[in-house]
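Accompanying notes for the structure given below.
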Amino acid sequence: MNNIIEILFENAKKYPDKIAIVHKNKKITYREFLVKTLNYSQHFLSKGLSKGDNILIFTPMSIELYIILAAVFNIGAAAVFLDAWADKKRLEEALTIVPCKAFLGCPKAYILKLFSSKIREIPLNFVSGFIKKVKTNIEIPNVDSKDTALITFTTGSTGFAKAANRTHGFLLEQHRILKKHLKPEINDVDLVSLPIFVLHNLACATTSVIPDFNPRKPSKFNPKKVLRDIKKYNVTTSVGSAAFYENLVKKQKIGGIKRIFTGGSPVFPKTAKKLRENFINSQIEIIYGSTEAEPISSISASSLIANTKDLKKGLLVGKPIEEIDIRIIKPTDEKIEDFESSIVENGVVGEICVAGDHVLKEYYNCDTAQEFAKINYNGNIYHRTGDGGFLDENGNLFLVGRIKNRFQYKDKTFYTFPIENALLEIPGVEMGTILRINSLVVIVLESKLPKEQLAKTLIDRGFELDKLIVTKIPRDKRHNSKIDYEKLKNSIISYCTNP
């Protein structure tokens with residue numbers, strides 16, 4: 001098979017009456033999903049779309065979205081997605097990198113046309129929810145594994161957003177590996193708040209329940225609505241960000257979910273303890289990966305919590321999966337000229353690089369990013385993750401923070417994660433980090449405790465710093481779990497002009 005759509009069509013034949021997706025009390029079976037996918041395919045072809053066209057999609061997570069995606073994949077076109085929080089500048093930069101032939105959005109999304117000349121230049125327009133049945137019978141193009149299926153953009157945490165070129169072969173390989181490691185069962189009902197995993201579930205013939213929440217604010221939703229769906233549809237598994245789950249268990253403990261998979265941001269022991277205490281008898285697995293490589297490794301919450309002796313070294317994320325080849329190279333902000341001589345031994349901290357069939361091989365129309373982040377070595381394409389880390393003598397992978405956030409102080413290189421983990425262990429601290437701003441070493445804490453009390457605690461625990469700032473720490477817009485370091489630096493720099 002060349003793509004996930006072929007698997008989906010097979011599932012529709014095997015399990016026609018099985019529920020494929022549930023969202024806001026609406027359901028669709030696999031047979032109904034297939035019929036609508038074929039109809040949408042004909043509609044798109046009849047309106048002038050063809051294989052190889054890029055389609056910008058602004059439709060929220062819903063049954064409709066995945067029918068649209070399946071139809072776009074089916075005709076060999078490419079679905080282009082931007083994060084819902086993308087501003088005008090990011091939107092127009094993205095459309096410069098990835099020119100689109102069609103714009104497909106929900107009615108509200110058409111407001112974007114008022115603000116973006118780039119969207120107004122797109123020739124074809126479709127409104128989701130208003131695609132009617134057509135009588136055409138245009139031949140469906142053959143879709144190859146090398147054809148682009150999906151173009152998404154990285155968060156830009158490494159400096160600038162990059163267009164990830166996800167081919168049909170890439171998505172198929174990612175599905176194969178996720179299926180092996182997540183071990184879905186045919187009768188699973190999966191509560192899924194990470195969009196890409198609904199595609200994976202459709203290929204697994206499991207049922208996806210899309211929660212009633214705003215993906216733009218994964219930590220701010222009404223838990224009662226989601227808890228109602230968990231009970232109503234007998235949810236057995238779930239995939240989501242740590243922020244999503246932390247908000248879900250604010251009001252009560254939750255039982256009945258057998259397996260929970262979380263990722264998208266670092267999960268420190270403090271968060272793992274909270275999840276394990278509040279999800280009763282659930283097996284919680286923490287996945288480490290990125291847009292370009294998902295998964296890289298995984299670890300159970302219980303194993304992470306039990307690993308207390310290495311907290312000062314870094315954040316344990318388990319052993320790399322067997323399908324991935326991992327190398328650690330000397331940390332640098334420059335392009336790698338000689339990969340082999342850059343590789344370091346186990347135990348030495350450096351940048352994590354990965355290769356494998358489910359590792360993204362190329363960016364779309366991003367030559368600068370391609371040259372910097374992709375390295376051809378011994379016939380494999382290695383991806384520079386931008387994450388600092390090391391492998392210990394037992395092959396366990398530890399993260400120490402982003403390479404670009406490291407800094408020198410008193411002839412020593414500091415990374416953020418070991419210190420952030422130590423700060424989280426201070427009672428009353430919700431989040432904390434360490435930064436080098438100008439010549440100052442600054443610790444930033446998010447806490448309701450008095451600054452004087454926090455300062456004394458830091459001194460008592462042996463922290464070295466020039467300045468302490470207590471403030472709200474901004475999170476990333478995608479998962480609302482990771483620290484937005486650039487935004488934080490910009491917000492506090494005025495406090496650091498003088499010692």
Side-chain angles (χ1 to χ4, degrees), residues 1-13 20-21 28 30-82 98 100-105 124 126 128 131 134 136-153 163-179 192 194-206 208 210 291 294 357-358 360-362 364:
M1 290 188 177
N2 287 325
N3 54 61
I4 286 180
I5 293 304
E6 293 179 8
I7 300 176
L8 175 60
F9 288 177
E10 287 296 315
N11 289 340
K13 294 176 183 177
I21 305 175
I28 190 168
Y30 274 88
R31 178 197 286 117
E32 293 167 336
F33 191 95
L34 174 59
V35 169
K36 287 200 171 189
T37 295
L38 294 174
N39 180 64
Y40 279 38
S41 299
Q42 289 297 318
H43 179 83
F44 291 149
L45 291 170
S46 70
K47 296 298 181 181
L49 285 176
S50 57
K51 181 179 178 179
D53 288 338
N54 295 329
I55 305 170
L56 178 64
I57 299 176
F58 266 94
T59 298
M61 279 186 76
S62 59
I63 294 172
E64 175 84 358
L65 170 63
Y66 291 97
I67 296 169
I68 290 168
L69 263 181
V72 170
F73 291 172
N74 190 42
I75 67 171
V80 181
F81 282 92
L82 277 84
V98 186
C100 292
K101 185 175 180 179
F103 173 67
L104 195 162
L124 297 179
F126 300 90
S128 59
I131 298 175
V134 296
T136 59
N137 189 22
I138 302 170
E139 184 177 355
I140 301 294
N142 290 323
V143 179
D144 188 77
S145 61
K146 295 180 180 179
D147 293 330
T148 299
L150 189 62
I151 299 174
T152 60
F153 288 81
N165 182 12
R166 305 190 193 203
T167 64
H168 284 277
F170 171 84
L171 291 179
L172 189 62
E173 189 62 25
Q174 186 179 56
H175 157 69
R176 185 185 72 80
I177 290 173
L178 286 172
K179 185 175 182 179
V192 53
L194 299 179
I196 195 69
F197 282 88
V198 177
L199 285 177
H200 168 66
N201 286 346
L202 287 169
C204 290
T206 54
S208 296
I210 300 174
T291 299
E294 182 82 51
D357 290 340
H358 71 297
L360 193 79
K361 301 297 186 291
E362 63 180 8
Y364 190 99

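Keep in mind that this is a model prediction, so the values were computed, not measured.
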Please report whether the ring centroid of F81 lies less than 6.0 Å from that of F58.
no
[atom1]/[X] to [atom2]/[Y] distance, rounded to the nearest 0.5 angstrom?
{"X": "E139", "Y": "Q42", "atom1": "CD", "atom2": "CD", "answer": "10.5 Å"}
{"X": "I21", "Y": "E32", "atom1": "CD1", "atom2": "CD", "answer": "11.5 Å"}
{"X": "L82", "Y": "I151", "atom1": "CG", "atom2": "CD1", "answer": "10.5 Å"}
{"X": "I5", "Y": "I140", "atom1": "CD1", "atom2": "CD1", "answer": "11.0 Å"}
{"X": "L178", "Y": "L199", "atom1": "CG", "atom2": "CG", "answer": "11.0 Å"}
{"X": "K51", "Y": "N142", "atom1": "NZ", "atom2": "CG", "answer": "6.5 Å"}

Report yes or no: does [X] contribute a side-chain atom to a donor-acceptor pair with the main-chain N or O of [Y] at less than 3.5 Å?
{"X": "K101", "Y": "G48", "value": "yes"}
{"X": "S62", "Y": "P60", "value": "yes"}
{"X": "N3", "Y": "E6", "value": "yes"}
{"X": "Y66", "Y": "P195", "value": "yes"}

I'd like to check [X] versus [Y] (side-chain heavy atoms, cut-off strictly below 4.5 Å). Are they in contact?
{"X": "D147", "Y": "T167", "result": "no"}
{"X": "H200", "Y": "I196", "result": "no"}
{"X": "L8", "Y": "Y30", "result": "yes"}
{"X": "L171", "Y": "H175", "result": "no"}
{"X": "L65", "Y": "I57", "result": "yes"}
{"X": "F170", "Y": "K361", "result": "no"}
{"X": "D357", "Y": "Q174", "result": "no"}
{"X": "L56", "Y": "L104", "result": "no"}

Assess the residue pair I7 and L172 against the criterion (side-chain contact (heavy atoms from CB on, under 4.5 Å)); give the C-alpha distance rounded to whole Å, side-chain angles, the decisive distance to 0.1 Å, and a yes or no.
CA-CA 9 Å; I7 300 176; L172 189 62; 3.4 Å; yes
Check the pair L69, L150 against side-chain contact (heavy atoms from CB on, under 4.5 Å), reporting the backbone distance first and the verdict last.
CA-CA 9 Å; L69 263 181; L150 189 62; 4.2 Å; yes
Measure across [X] and [Y] and return the closest heavy-atom pair with its distance rounded to 0.1 Å.
{"X": "A203", "Y": "N11", "value": "O-ND2, 3.1 Å"}
{"X": "A71", "Y": "F44", "value": "CB-CE1, 3.8 Å"}
{"X": "N165", "Y": "L360", "value": "O-CD1, 3.0 Å"}
{"X": "F33", "Y": "A70", "value": "CE2-CB, 3.8 Å"}
{"X": "L45", "Y": "S50", "value": "CD2-CA, 4.5 Å"}
{"X": "V98", "Y": "F153", "value": "CG2-CZ, 3.8 Å"}

Start with the C-alpha gap between H168 and F73, add the side-chain angles, then the distance that decides, and say whether ring-ring contact (aromatic ring centres under 6.0 Å, His included) holds.
CA-CA 8 Å; H168 284 277; F73 291 172; 5.6 Å; yes
Polar contact flag, side-chain donor to acceptor under 3.5 angstrom, N74-Y40
no
Go through it in stages, so that I can follow the logic: the residues are T152 and R166, the test is side-chain hydrogen bond (donor to acceptor under 3.5 Å, both in side chains), and I'd like the CA-CA distance, side-chain angles, deciding distance and then a yes or no.
CA-CA 8 Å; T152 60; R166 305 190 193 203; 3.1 Å; yes
Give me the one residue out of L49, I55, D53 that meets side-chain contact (heavy atoms from CB on, under 4.5 Å) with L124.
L49
Would S128 and E64 satisfy side-chain hydrogen bond (donor to acceptor under 3.5 Å, both in side chains), going step by step from the backbone distance to the final call?
CA-CA 7 Å; S128 59; E64 175 84 358; 5.0 Å; no
